[in-house]
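Inspection log for the structure reproduced underneath, given as structure tokens.
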There are 2 protein chains.
Amino acid sequence: MRASGCIEHSAKLSAAVHAKAVALGKHVVRMTTAAGSGHPSSALGLGHVIVELMYRRMRYDPADPWNPANDRLVLSEGHAVPIVYAAYADLGGAIGPKSDSPTLLRVDDLPALRELHSVLDGHPNPAEGFPFFDAATGSLGQGLSVAAGLALAARLDGIPKRIFAVIGDGESREGQIWEAADFIVDYRLTNVCAVFSCNGWGQANEISNQQSPAALARKLAAFGWEVAEVDGHDPDALSEALSNAGRLPRPLAVLARTIKGWGVDFIQHQNYHGRPVPAADLPRALSELDATAHRLEAAPVELPGPPPPVPIEFPPPSPRKPVLGFVETLKRCGLEKTLAAGRLATRTAYGAALVALGDADTRIVALDGDVSNSTYSNLFAREHPDRFFECKIAEQNMVSVAVGLAAAGKIPFASSFAKFIARGVDQIDMAGITRANVKLVGSHSGVSLAADGPSQMGLSDVAYFRSMTRVAAGPGRPACVVFHPSDAVSAFACTCLMAQIEGMCYLRTHRPEAPFLYSPDEVFEPRGCKHLRRGSHVTLVGSGFILHTVLAAAKRLDECGVSANVFDVYTLPLHAAPILDAARSSGGGVLVVEDNYAGGVYSELAEAAAKEGDVRVHGLTVSRIPKSARTADELFDFVGVGVDDIIMSAKNLANR
Amino acid sequence: MRASGCIEHSAKLSAAVHAKAVALGKHVVRMTTAAGSGHPSSALGLGHVIVELMYRRMRYDPADPWNPANDRLVLSEGHAVPIVYAAYADLGGAIGPKSDSPTLLRVDDLPALRELHSVLDGHPNPAEGFPFFDAATGSLGQGLSVAAGLALAARLDGIPKRIFAVIGDGESREGQIWEAADFIVDYRLTNVCAVFSCNGWGQANEISNQQSPAALARKLAAFGWEVAEVDGHDPDALSEALSNAGRLPRPLAVLARTIKGWGVDFIQHQNYHGRPVPAADLPRALSELDATAHRLEAAPVELPGPPPPVPIEFPPPSPRKPVLGFVETLKRCGLEKTLAAGRLATRTAYGAALVALGDADTRIVALDGDVSNSTYSNLFAREHPDRFFECKIAEQNMVSVAVGLAAAGKIPFASSFAKFIARGVDQIDMAGITRANVKLVGSHSGVSLAADGPSQMGLSDVAYFRSMTRVAAGPGRPACVVFHPSDAVSAFACTCLMAQIEGMCYLRTHRPEAPFLYSPDEVFEPRGCKHLRRGSHVTLVGSGFILHTVLAAAKRLDECGVSANVFDVYTLPLHAAPILDAARSSGGGVLVVEDNYAGGVYSELAEAAAKEGDVRVHGLTVSRIPKSARTADELFDFVGVGVDDIIMSAKNLANR
């Protein structure tokens with residue numbers, strides 16, 4: 001039994017929460033109408049949830065969103081963001097870059113929603129100056145994974161903070177939500193609390209019965225979660241359910257039954273999705289919100305601000321040591337025999353480099369999707385087990401967990417087969433928008449995988465990742481840097497470069513062993529390439545494992561009296577001048593050879609050459625869908641990038 | 001109580017099933033050792049499941065895998081395929097192209113596994129000549145969705161066949177499995193039966209407890225499935241569980257507890273994954289299988305072949321009618337007002353075209369991911385509700401369901417925002433390997449979406465899809481054809497072309513309305529482009545919505561005394577000669593303008609030009625990660641593809 005004092009207290013608080021939900025709702029309606037677009041109805045449905053979280057439950061300092069001890073909120077259903085903007089403005093939250101005297105968001109700023117020069121983007125977008133968020137959201141289903149990454153980082157850092165993720169009911173159809181649900185249970189991330197906003201509507205229509213509160217409750221329980229189902233507009237019920245966040249032996253999911261368009265009568269009884277209230281109807285919407293307040297006996301008593309973060313003493317950051325060199329690292333990893341053999345797969349060199357980086361810097365963490373014994377991230381797992389996270393066969397979740405880890409200051413390397421990294425392409429795009437400092441590693445790339453067949457081969461990956469290398473994520477910073485090393489020495493060096501570069505990188509490794517092409521102290525750098533062989537008739541360019549085939553072809557060409565330059569393009573974007581210059585002084589023809597589909601180095605060099613038009617560039621890329629073959633060479637021939645293809649094309653170019 | 005005759009009968013059958021599992025297991029071990037790679041342990045674990053399915057439960061004719069009445073098997077855990085090859089060879093299944101006197105697979109063919117000229121690819125790959133399968137699998141988590149597509153098609157065609165999907169326990173971590181589980185319940189596809197092989201192991205390690213049989217049973221029940229858990233090496237138990245397939249009011253999942261490496265003692269007590277038995281150990285492996293047979297009192301009594309498909313009378317195919325023209329179709333869809341206005345969004349024209357195609361051909365079906373009122377597939381849903389499938393917010397499942405529908409002869413159009421179509425990139429790659437006749441439609445592409453911000457914008461999509469346009473899926477057939485229309489007339493025509501082209505196509509549409517550029521009877525064709533404006537100083541190329549900005553820039557250039565050709569590149573791959581020829585006779589400079597990240601039309605034309613080197617090609621693509629803005633033009637300027645950018649670049653090119 002509750003004491004009557006408590007009830008009174010609760011009733012007062014409820015009245016204040018209702019009043020705040022209405023006040024924020026008015027901002028939501030006004031700002032979306034001012035913007036001429038947006039999702040007021042979804043935002044209104046979250047009114048009480050956001051008030052409960054941002055004013056009462058979360059322990060954080062709105063004026064210092066950079067405090068690592070803050071509880072965090074991931075708004076997975078990003079289109080509802082105006083309600084968060086409204087609350088943050090009301091609370092005087094800080095915006096813009098990290099600062100001791102930050103700019104605070106004001107209520108007057110809200111009508112600039114979705115303007116070019118506003119930090120209030122259409123969907124959560126921390127990179128545009130909204131540090132309350134850790135990751136861009138809005139492409140649905142990704143937020144719970146981001147929350148898991150933040151929670152993992154908090155555990156590593158010994159911070160008792162909690163991470164709240166707000167997810168739509170329709171959104172929970174995305175499989176990634178269930179990948180995250182598994183991962184959170186695997187790692188017992190009980191500091192994560194998921195709030196599902198169950199308003200019953202998707203965009204086009206009602207949600208499926210498979211996403212009803214009852215179905216979600218069954219599913220979440222089956223996945224090992226604690227579940228509480230509440231009226232999402234009842235302050236007491238919400239408060240009670242959320243008071244358990246972080247306190248239970250299992251992660252908590254709160255199913256909040258919400259009303260899309262809450263408080264505005266003329267939009268809440270239909271599926272009013274993704275459009276603002278017309279300006280002419282604005283007064284009516286506002287007066288209906290007033291009527292709602294009246295009906296609920298809302299009292300505009302000011303709510304106290306959110307409780308402060310739990311004070312913690314941060315240990316001094318672990319000192320960073322110099323990274324071991326190539327030779328020392330191979331010895332450290334028990335791979336010294338390969339030094340004598342002079343052969344090693346690029347994927348193995350990656351794993352070894354990761355160990356060395358992990359030795360030197362505790363921010364380095366690694367994730368893998370049940371193929372660590374193929375990608376060689378298992379070397380890191382052996383040496384740094386507390387910083388290795390097994391994501392199992394669920395690559396979408398893996399990428400978004402990495403985004404969460406990066407937001408909390410870790411440097412995550414996430415690996416799988418290149419083919420399966422593609423599973424997370426949309427998550428990778430969101431990581432790009434976030435400017436997340438994530439490192440993606442795709443092994444077994446290209447057709448050299450041969451026997452396993454095309455279902456295991458990453459082939460479009462270079463085109464996809466290159467598209468981002470030509471886009472700025474900030475001044476002088478591409479949205480992605482691609483590394484595609486051809487031997488173990490360069491793979492080692494490229495992995496080390498990835499850790500140094502701030503921002504997204506993609507490393508492409510290969511299954512087969514390959515002979516060393518470089519001495520252990522060779523230096524590699526962003527936009528660089530290597531002139532491996534000098535010739536006077538034609539210029540050949542390779543990237544990754546197939547470079548060895550290119551070198552073999554160059555030798556054979558020599559025997560036919562055609563002397564060829566050979567370049568190793570180990571990274572994109574590329575400073576193409578050295579290659580074009582070499583070509584100008586040796587016949588004017590460049591032949592690019594790749595073991596991937598079109599859109600990679602060939603496009604890069606063709607674009608560079610076509611600017612001036614004085615160098616001819618031809619390309620051999622995988623010209624047909626591969627199949628299985630017993631050897632890489634058989635398959636190179638089959639798809640048109642074998643030694644004979646190279647020789648024929650090079651001769652044609654040289655003889656013009 | 002069972003009669004004793006039945007028990008005797010059952011015991012005899014069990015002995016025969018054990019013997020068959022052992023015999024097939026020997027083939028598995030031999031063929032993977034011969035290949036020097038593969039996954040014998042996963043295949044051995046499926047021995048009894050495959051015998052039960054392929055010899056006893058499935059109603060089909062191995063010699064006529066093309067019979068549409070056959071029950072079908074989707075091996076979602078594709079790496080276990082050797083056990084299916086062994087059974088199919090033993091049963092004399094047909095391989096190669098459809099024929100009245102097909103080639104039958106023989107046991108002697110098995111050692112050619114994974115050879116270049118064998119149909120026995122490393123993972124299921126129907127396109128290489130193995131028609132028992134409907135889709136390439138091996139990238140995990142996709143098979144249940146394919147099964148759903150096959151089941152939907154069977155219902156449309158009135159065929160009482162059943163679809164069996166075999167899925168690994170570790171594989172069930174993939175979120176797509178749960179998207180499919182929802183979809184199958186939504187559509188009450190009780191003709192689907194999922195068999196989970198629960199051997200407890202992933203590749204790198206044991207599976208998570210989240211994928212244990214108990215957890216899977218809880219989850220599947222929560223998702224609305226009927227669940228039976230059995231010993232996967234007990235013929236009677238398997239038989240009894242599978243006898244319910246297609247007979248229950250809910251879809252059936254059988255959790256088969258299996259043993260990875262079953263029957264070969266020295267590999268079954270460890271995680272022996274993804275490698276063949278060394279040749280030296282082959283005799284030992286075979287003798288251990290013999291010992292297993294002896295222990296189980298296996299009797300090499302020949303099992304009868306599988307029961308034949310349920311005989312059905314196929315109705316004559318619906319006659320195909322001519323497709324209505326543009327004007328008639330807009331009238332049919334109640335859009336006649338837009339004819340007078342001369343303005344319509346490409347996405348709306350797509351929806352209208354889909355209605356016309358659906359009127360003309362009953363094979364046309366449509367899928368959408370809860371955004372049909374944005375993509376305008378809702379026009380089709382209104383007119384052909386029985387052929388419209390709402391996949392909700394689960395794009396991976398949507399793509400793979402489309403693959404299943406296409407395998408059964410439907411022509412599926414699957415639409416979402418271009419950004420979210422990217423969610424299914426790996427599924428799309430598998431569709432390419434399958435040579436699936438699927439049509440993908442990405443709306444709201446590019447930066448013209450403006451206010452909603454980058455989380456909703458498809459930007460890398462052109463680079464990704466173009467990479468496949470340069471790859472052959474067969475003689476004269478690219479793996480993908482991309483369409484990127486700039487106005488409603490061309491969007492209508494491109495949609496009609498997609499239905500005619502055999503194979504994968506991608507249509508990119510835009511949110512904003514745009515004025516008509518073409519007369520209703522204009523003809524569009526694969527590899528084509530349109531010369532919209534003639535000039536003598538420079539050549540401008542646009543694609544999609546931004547073409548209107550290019551045309552505006554051309555007008556302004558005219559005023560400055562620079563006369564420009566303008567080309568509309570509405571499709572890739574492109575026959576570039578008309579553009580290069582025009583450029584040669586008008587200053588030698590081409591400027592390509594795109595509202596996407598690099599890797600699209602600019603790359604295509606740079607590669608074509610760099611072949612000869614006599615035409616200079618410059619490009620303006622989205623040069624920075626976008627954010628929200630109130631108008632498309634603001635954002636075009638922000639990302640460097642606005643009118644002023646075009647004018648400046650074009651002048652530079654013209655003045656050289």
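Just so it is clear: chains get the letters A, B, ... in the order the sequence lines come, proteins before strands, and each one is counted from 1. Values in this document were obtained by computation on a predicted structure and should not be read as measured data. FYI, side chains are in, hydrogens and waters are out, and symmetry mates aren't considered; it's all heavy atoms of this structure.
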Minimum heavy-atom separation for [X] to [Y], with atom names?
| X | Y | value |
| --- | --- | --- |
| A/Thr469 | A/Pro478 | O-CB, 3.5 Å |
| A/Gly138 | B/Ser455 | CA-OG, 3.7 Å |
| A/Cys480 | A/Pro573 | O-CD, 4.1 Å |
| B/Ala629 | B/Leu635 | CB-CD1, 4.0 Å |
| B/Val81 | B/His123 | CG1-CA, 4.1 Å |
| B/Pro454 | B/Lys419 | O-CE, 3.7 Å |

Contact class of [X] relative to chain A, heavy atoms under 4.5 angstrom:
| X | answer |
| --- | --- |
| B/Arg466 | side chain |
| B/Ala136 | neither |
| B/Gln396 | side chain |
| B/Val371 | both |
| B/Asp121 | both |
| B/Glu128 | side chain |
| B/Glu604 | neither |
| B/Thr621 | neither |
| B/Ile207 | backbone |
| B/Phe638 | side chain |
| B/His79 | neither |
| B/Gln456 | side chain |

*Any luck finding a side-chain donor-acceptor pair between A/Arg114 and A/Ser37 under 3.5 Å?*
yes
Who among [options] has the most heavy-atom pairs with chain B under 4.5 Å?
| options | answer |
| --- | --- |
| A/Arg470, A/Arg218, A/His39, A/Glu607 | A/Glu607 |
| A/Ser372, A/Ala610, A/Ala473 | A/Ala610 |
| A/Glu171, A/Gln427, A/Glu634 | A/Gln427 |
| A/Ala463, A/Ala422, A/Ser460 | A/Ser460 |
| A/Ser172, A/Gly170, A/Gly619, A/Gly175 | A/Gly175 |
| A/Arg624, A/Lys219, A/Arg423 | A/Arg423 |

Please check if the side chain of [X] supplies one atom and the backbone of [Y] the other of a donor-acceptor pair under 3.5 Å.
| X | Y | result |
| --- | --- | --- |
| A/Arg511 | A/Ala450 | no |
| B/Ser623 | A/Val471 | no |
| B/Asn271 | B/Gly202 | yes |
| A/Arg477 | A/Arg435 | yes |
| A/Lys627 | B/Leu116 | yes |

_Working to the nearest 0.5 angstrom, can you tell me the gap between B/Glu395 CD and A/Asp426 CG?_
8.0 Å
*Gap between atom CG of A/Asn378 and atom CD of A/Glu390 - 0.5 Å precision*: 10.5 Å
Pairs of heavy atoms under 4.5 Å with chain A: top-ranked of [options]:
| options | value |
| --- | --- |
| B/Asp452, B/Val617, B/Asp429 | B/Asp452 |
| B/Asn373, B/Ile625, B/Asp461 | B/Ile625 |
| B/Val425, B/Asn125, B/Asp186, B/Asn397 | B/Asp186 |
| B/Ala381, B/Gly599, B/Ser603 | B/Ser603 |
| B/Gly122, B/Ala472, B/Gly613 | B/Ala472 |
| B/Trp178, B/Phe223, B/Tyr464 | B/Phe223 |

Quick one: what part of [X] sits under 4.5 Å from any heavy atom of chain B, side chain, backbone, both or neither?
| X | value |
| --- | --- |
| A/Val622 | backbone |
| A/Ser118 | backbone |
| A/Phe183 | both |
| A/Ser374 | both |
| A/Phe420 | side chain |
| A/Pro626 | backbone |

*asked:* Does B/Arg630, at its CZ atom, have more than 12 non-hydrogen atoms belonging to other residues, nucleotides or ligands within less than 6.0 Å?
replied: yes
*Do the charged groups of B/Lys392 and B/Glu179 touch, with an N to O distance under 4.0 Å?*
no
*Kindly indicate, with the supporting measurements, whether the criterion side-chain contact (heavy atoms from CB on, under 4.5 Å) is fulfilled by B/Phe465 and B/Ile428.*
CA-CA 9 Å; B/Phe465 281 104; B/Ile428 291 167; 3.8 Å; yes
